[in-house]
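Following: one structure in structure tokens, then a few remarks.
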Amino acid sequence: MPFRVFATCDIGDPALNRLRESGYQVEVYPQSDPPPKALIIEKVASGIDGLITTLRDAIDGEIFEAGKGKLKVVAQIAVGFDNINRADANRYKIPFTHTADVLTEATAEFAFFMMGAVARKLWSSEKLVREHRWGAWHPFLPFLGDEVTGKTVAIIGTGRIGLAMIKKCVAMDMNILCYDPAYENHKYIGSIQKLMDMRHQLGIQRQQTTIKYVSFEAALREADFVSVHVPLLRPGESENPTLHLFNEKTLRMMKPSAYLINTSRGPVVDEIALAKAVKQRWIAGAALDVFEKEPLPASSPLRDPEIEDRCRLFHHFASGAVQTRLSPDPGLGMAGRCVQGLIDVLEKNYGGDISKMPYVVNKEAF
Ligand code: NAD
């Protein structure tokens, strides 16, 4: 019997053809919106072996129950997996895979560009030109932006994407403050400090810069830019949950001249508090790629026209580059890595030892 796979979303033919060419029966949900949960349950209950999911699908005990005895793997096309109930997956002993690493550089560079876009007012500038409101050159009218070069950036979460963001900020002669309660990568941070020292000694950057781990509060109080690179962790899922890590209290710790950059997950930021912070100028602005509810509702206070010049909004696009999203090569693309994770489980690669499969997340269950 060929393996049967249902994909809740089209992840592109180059990757899906790897399955088809091996004789898999692949059904792809044809709409661009996610399927209703009832349809996922129906497909799983019909006896599929593998389920390809996106962050838009809530995968929990109901789904695993429907697939009991038949469903063998859930392959998520994303590094974040906060939509998958890990405890339920473990209870039903269903491995789920993700696509870490291949999107690290694309996401970090997008965060880096967001920082420049909001601080240097790229959107306001282009809007001015397009709306024929560009007057004569003037030293400070109609507005100025804030420099990024030489400023201090706080990196909240020094995992894969946080470290990649650090590397990019070095090129802008920035001082770097790091915060991560779970894992401090002193080897990497030491190497970055050496790089900063060398750039200074060689005359590549004028000021000596530093990188160090600090407390969350110190990071917020001292940084000109705060860039968030944490997973969404709800209370009970971690000793250091990240749900609403940015709220009225923590946003008020930031400098009035500072910007918040979020490419992690929307619920990490309390959006009501953030809109208030920007509107009342507790902080200078924000650039957001992710939201508590996606797509961003029409009623969101983040859409307030009064803050539009200092609030950049993007459509969960940080990993949205062609090779990163679609390459069938598991070493390059999310689609390729997603499909490989599924193949590893179904074809019993690594001697069938799930705990040895590189893209499986919940290894502890095996
Ligand atoms: P990672 O697991 O390598 O790094 C996350 C880091 O956050 C870890 O070092 C962890 O110790 C740290 N952390 C955990 N709790 C923390 C807390 N309370 N405070 C500070 N740090 C904390 O993950 P990654 O590959 O770097 O990805 C990070 C997140 O970025 C993903 O979970 C995902 O939600 C998001 N993401 C978004 C996009 C996008 O398109 N916008 C793309 C890729 C990833």
Side-chain angles (χ1 to χ4, degrees), residues 53-56 76-84 86 96-115 154-168 177-189 213-220 223 226-247 250 253 260-269 286-292 294-296 312-326 333-335 337-338 358-359 361-363:
T53 57
T54 75
L55 49 89
R56 314 168 308 171
Q76 163 105 338
I77 184 164
V79 57
F81 47 81
D82 42 276
N83 59 304
I84 299 175
R86 187 174 189 148
F96 65 91
T97 66
H98 71 156
T99 63
D101 300 311
V102 286
L103 41 54
T104 294
E105 297 297 337
T107 306
E109 75 177 20
F110 199 84
F112 183 79
F113 298 145
M114 283 166 65
M115 183 165 72
I155 304 293
I156 309 301
T158 56
R160 289 168 289 245
I161 299 170
L163 295 184
M165 177 70 170
I166 286 173
K167 196 168 62 169
K168 298 178 197 319
L177 302 170
C178 306
Y179 171 69
D180 193 315
Y183 179 60
E184 294 195 350
N185 193 332
H186 289 284
K187 185 163 182 279
Y188 189 92
I189 264 53
Y213 275 101
V214 296
S215 68
F216 185 53
E217 184 164 344
L220 298 196
V226 175
S227 191
V228 192
H229 304 283
V230 300
L232 170 58
L233 298 166
R234 301 175 186 87
E237 290 176 349
S238 161
E239 279 170 29
N240 302 288
T242 58
L243 179 77
H244 285 191
L245 184 62
F246 288 85
N247 51 46
T250 53
M253 290 176 187
L260 181 71
I261 314 299
N262 187 18
T263 52
S264 66
R265 283 287 182 268
V268 172
V269 176
L288 310 168
D289 185 47
V290 287
F291 300 92
E292 292 196 74
E294 297 178 6
L296 186 65
R312 299 279 54 79
L313 310 173
F314 302 100
H315 70 286
H316 202 142
F317 195 40
S319 68
V322 177
Q323 176 180 281
T324 298
R325 283 276 173 87
L326 298 182
M334 296 164 68
R337 190 160 284 211
C338 173
Y359 312 141
V361 176
N362 57 336
K363 292 194 171 77

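Order of listing sets the numbers, starting from 1, for every ligand and every atom in it.
Atom 12 (C) of ligand 1 has as its closest protein heavy atom D180 OD2, 3.2 Å. Here the heavy atom of the protein found nearest to atom 26 (O) of ligand 1 is I161 N, 2.8 Å. R160 NH2, 3.5 Å is the protein heavy atom nearest to atom 1 (P) of ligand 1. For atom 33 (C) of ligand 1, the closest heavy atom belonging to the protein is R265 NH1, 3.6 Å. The protein heavy atom nearest to atom 42 (C) of ligand 1 is T107 OG1, 3.3 Å. The protein atom (non-hydrogen) at minimum distance from atom 20 (C) of ligand 1 is P181 CD, 3.2 Å. Protein heavy atom in closest approach to atom 37 (C) of ligand 1: T263 O, 2.9 Å.
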Would you check, one step at a time, whether the test side chain to side chain donor-acceptor pair (under 3.5 Å) holds for S264 with N262?
-> CA-CA 6 Å; S264 66; N262 187 18; 2.7 Å; yes
Worked verdict on Y188 versus T158 for side chain to side chain donor-acceptor pair (under 3.5 Å) = CA-CA 10 Å; Y188 189 92; T158 56; over 6 Å; no
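Between R86 and E237 there is no salt bridge, since no side-chain nitrogen of the basic residue lies less than 4.0 Å from a carboxylate oxygen of the acidic one. Under the 4.0 Å criterion applied to side-chain N and carboxylate O atoms, E105 and K168 are assigned as salt-bridge partners.
Applying the 4.0 Å criterion to heavy atoms of V290 picks out, from ligand 1, the atoms 41 (N). Those atoms of ligand 1 that come under 4.0 Å of a heavy atom in S319, given as number and element, are 40 (O). Within ligand 1, counting atoms from 1 as listed, the ones closer than 4.0 Å to a heavy atom of H316 are 39 (C), 40 (O), 41 (N). In the vicinity of A318, heavy-atom distances shorter than 4.0 Å reach the ligand 1 atoms 39 (C), 40 (O), 41 (N). Of all atoms in ligand 1, numbered sequentially from 1 with element shown, those under 4.0 Å from a heavy atom of A182 are 11 (O).
Residue T242 places no N or O, backbone or side chain, under 3.5 Å from any N or O of ligand 1. For the pair D82 and ligand 1, the shortest N or O to N or O distance does not fall below 3.5 Å.
Nearest to atom 18 (N) of ligand 1 by heavy-atom distance, out of N240, L55, L103, I155, is N240. When A78, S264, P231 are checked for heavy-atom proximity to atom 32 (O) of ligand 1, P231 turns out nearest. Here the shortest heavy-atom distance to atom 22 (C) of ligand 1, taken over N185, T104, V79, V230, belongs to V230. When the heavy atoms of G159, P241, G266 are ranked by distance to atom 6 (C) of ligand 1, first place goes to G159.
Only backbone heavy atoms of H229 (N, CA, C or O) come within less than 4.0 Å of ligand 1; its side chain stays farther off. Only the side chain of L233 comes within contact range of ligand 1, with a heavy atom under 4.0 Å; no backbone atom does.
Atom OG1 in T263 sits 6.5 Å away from atom CD1 in I161 (nearest 0.5 Å). For the atom pair CG (D180) and OH (Y213), the distance works out to 5.5 Å, reported to the nearest 0.5 Å. Interatomic distance, M253 CE to N247 CG, rounded to the nearest 0.5 Å: 8.0 Å. Remark: H244 NE2 to E292 CD distance equals 3.5 Å, nearest 0.5 Å.
Taking the side chain as every heavy atom from C-beta outward, F291 and L313 approach each other to under 4.5 Å.
Taking the six-membered ring where the residue is Trp, Y179 and F216 present tilted rings, their angle falling between 30° and 60°.
In this structure, T324 and V102 approach most closely via the heavy-atom pair CG2-O, 3.6 Å.
The residue from T97, N83, T54 that alone fulfils the side chain to side chain donor-acceptor pair (under 3.5 Å) condition with Q76 is N83.
Of the possible donor and acceptor atoms, one in the side chain of T242 sits under 3.5 Å from a partner among the backbone N and O of P231.
Under a 4.0 Å heavy-atom criterion, A100 is not in contact with ligand 1.
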